[in-house]
Structure formats: C-alpha cells, structure tokens
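What follows is a single structure, written as structure tokens, with notes after it.
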Amino acid sequence: MRKYEIMFIIRPTLSLDEKANVISKFIKILTDNKATITEEKDMGQRELAYEIKDFKSGFYYLVNLEANDDAAINEFDRQAKNTSDIVRHLITRIED
C-alpha cells in the first residue's frame, strides 16, 4: 500500500459547522475511493506566508492515509481544485 500525506487549507470565512462539513466531505471522498485514513489532525487557524485568493489566514488540516492505487488521491485533487472552500492543498507521497 502507498502512503500519502495531504495538507489542505480551508478558507477562514467559513463557520465552524461549514468547516466541519468541508472536512467530512473530503474525508468521505478519500474513504469512498478505498483509502484508509491513518491519522487526521486539525492544526487550527494560521497566518499564511502570503495572500492566497485575498485571504491572509486559513484553517489548516492534515490527513495521513494509505491507498492501493491513485483513485482516491486523484478524486481528492480534482474536487479540491473545483471548490472555493479549499484555498490550497498539497499531496505528498511518503516513501517507506
């Protein structure tokens, strides 16, 4: 199984309920595509090094997962690019 780490930044203008909905939606995308979540970490709101889409801060969220193929990663990437709720995301493959 391949191991991945996904860090994504949620726009700071969302309420706590909306933020929770975004997180659960993207976790569901991963699990529906047969990825196994090994760790999740809410890193809270942090200042950005530079403005992204007129935002100076954002809610950081970290997910570690394992997957047999790239289906979950590709679907996460596709949907993260097409939503305004995620300001930026980074997917990293962890080598064993």
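Keep in mind that what you see is a predicted model, and the values were worked out from it rather than measured.
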d(Lys19 NZ, Asp85 CG) to nearest 0.5 Å is 13.0 Å
Are the side chain of Asn33 and the backbone of Ile29 linked by a donor-acceptor contact shorter than 3.5 Å? yes
* Asked: Transitively linked via ILVMFWY side-chain contacts under 4.5 Å: Val22 with Leu48?
  -> no
NZ of Lys3 to CG of Asn64, rounded to nearest 0.5 Å, is 9.5 Å
So CG of Leu16 and CG of Asn21: to nearest 0.5 Å the spacing works out to 11.0 Å
In Asp42, Thr83, Val87, Ile23, the residue satisfying side chain to side chain contact (heavy atoms under 4.5 Å, CB included) with Ile10 is Ile23
Next on the checklist: Checking Tyr60 against Lys41 for the side-chain contact (heavy atoms from CB on, under 4.5 Å) test, could you report, in this order, the C-alpha distance in whole Å, the side-chain angles of both residues, the deciding distance, and whether it holds?
Outcome noted: CA-CA 9 Å; Tyr60 282 64; Lys41 186 174 182 183; over 6 Å; no
Should Tyr50 and Met7 be regarded as members of a common hydrophobic cluster, given that ILVMFWY residues are connected when their side-chain heavy atoms come within less than 4.5 Å of each other, either directly or indirectly?
yes
Problem set entry | Same apolar cluster (I L V M F W Y, side chains within < 4.5 Å links), Met43/Ile27 | no
In this structure, NZ of Lys81 is separated from CZ of Arg88 (nearest 0.5 Å) by 11.5 Å
Looking only at heavy atoms, the pair that brings Ala72 and Ala35 closest together is CB-CB, 3.8 Å
Can you check ring pair (Phe, Tyr, Trp, His ring centres under 6.0 Å) on Phe8 and Phe76, steps first, answer last?
-> CA-CA 11 Å; Phe8 58 97; Phe76 180 95; 5.7 Å; yes
What one should report as the nearest heavy-atom pair of Lys56 and Glu47 is O-OE1, 3.2 Å
Is the CG atom of Asp54 crowded by more than 12 outside heavy atoms at less than 6.0 Å?
-> no
Residues Ala67 and Tyr4: closest non-hydrogen pair is CB-CE1, 4.4 Å
### Query
Side-chain contact, heavy-atom cut-off 4.5 Å: Phe26 with Ile6?
no
**Asked** If you count the non-hydrogen atoms of other residues, nucleotides and ligands that lie under 6.0 Å from NZ in Lys53, is the total more than 12?
**Response** yes
query: When you look at Glu66 and Thr38, which way does the side-chain contact (heavy atoms from CB on, under 4.5 Å) test go after all the steps?
result: CA-CA 7 Å; Glu66 294 179 346; Thr38 57; 4.0 Å; yes
Query raised in the report: Looking at Asp69 and Lys34, does any basic side-chain N land under 4.0 Å from a carboxylate oxygen?
Result: no
Q. Does one hydrophobic cluster hold both Phe55 and Ile9, with members joined at side-chain heavy-atom distances below 4.5 Å?
A. yes
Output for pair (Gln79 CD, Ile86 CD1), nearest 0.5 Å, gives 9.5 Å
query: Please walk me through it: do Asn68 and Met1 pass side-chain contact (heavy atoms from CB on, under 4.5 Å)?
result: CA-CA 5 Å; Asn68 287 327; Met1 291 189 83; 3.1 Å; yes
Handout entry: Worked check of side-chain contact (heavy atoms from CB on, under 4.5 Å) between Leu65 and Ile73
Key = CA-CA 10 Å; Leu65 61 110; Ile73 298 301; 4.0 Å; yes
To the nearest 0.5 Å, atom OG of Ser57 lies from atom CZ of Arg11 at 12.5 Å
Item checked: Joint hydrophobic cluster, Tyr61 plus Ile37, side-chain heavy atoms closer than 4.5 Å -> yes
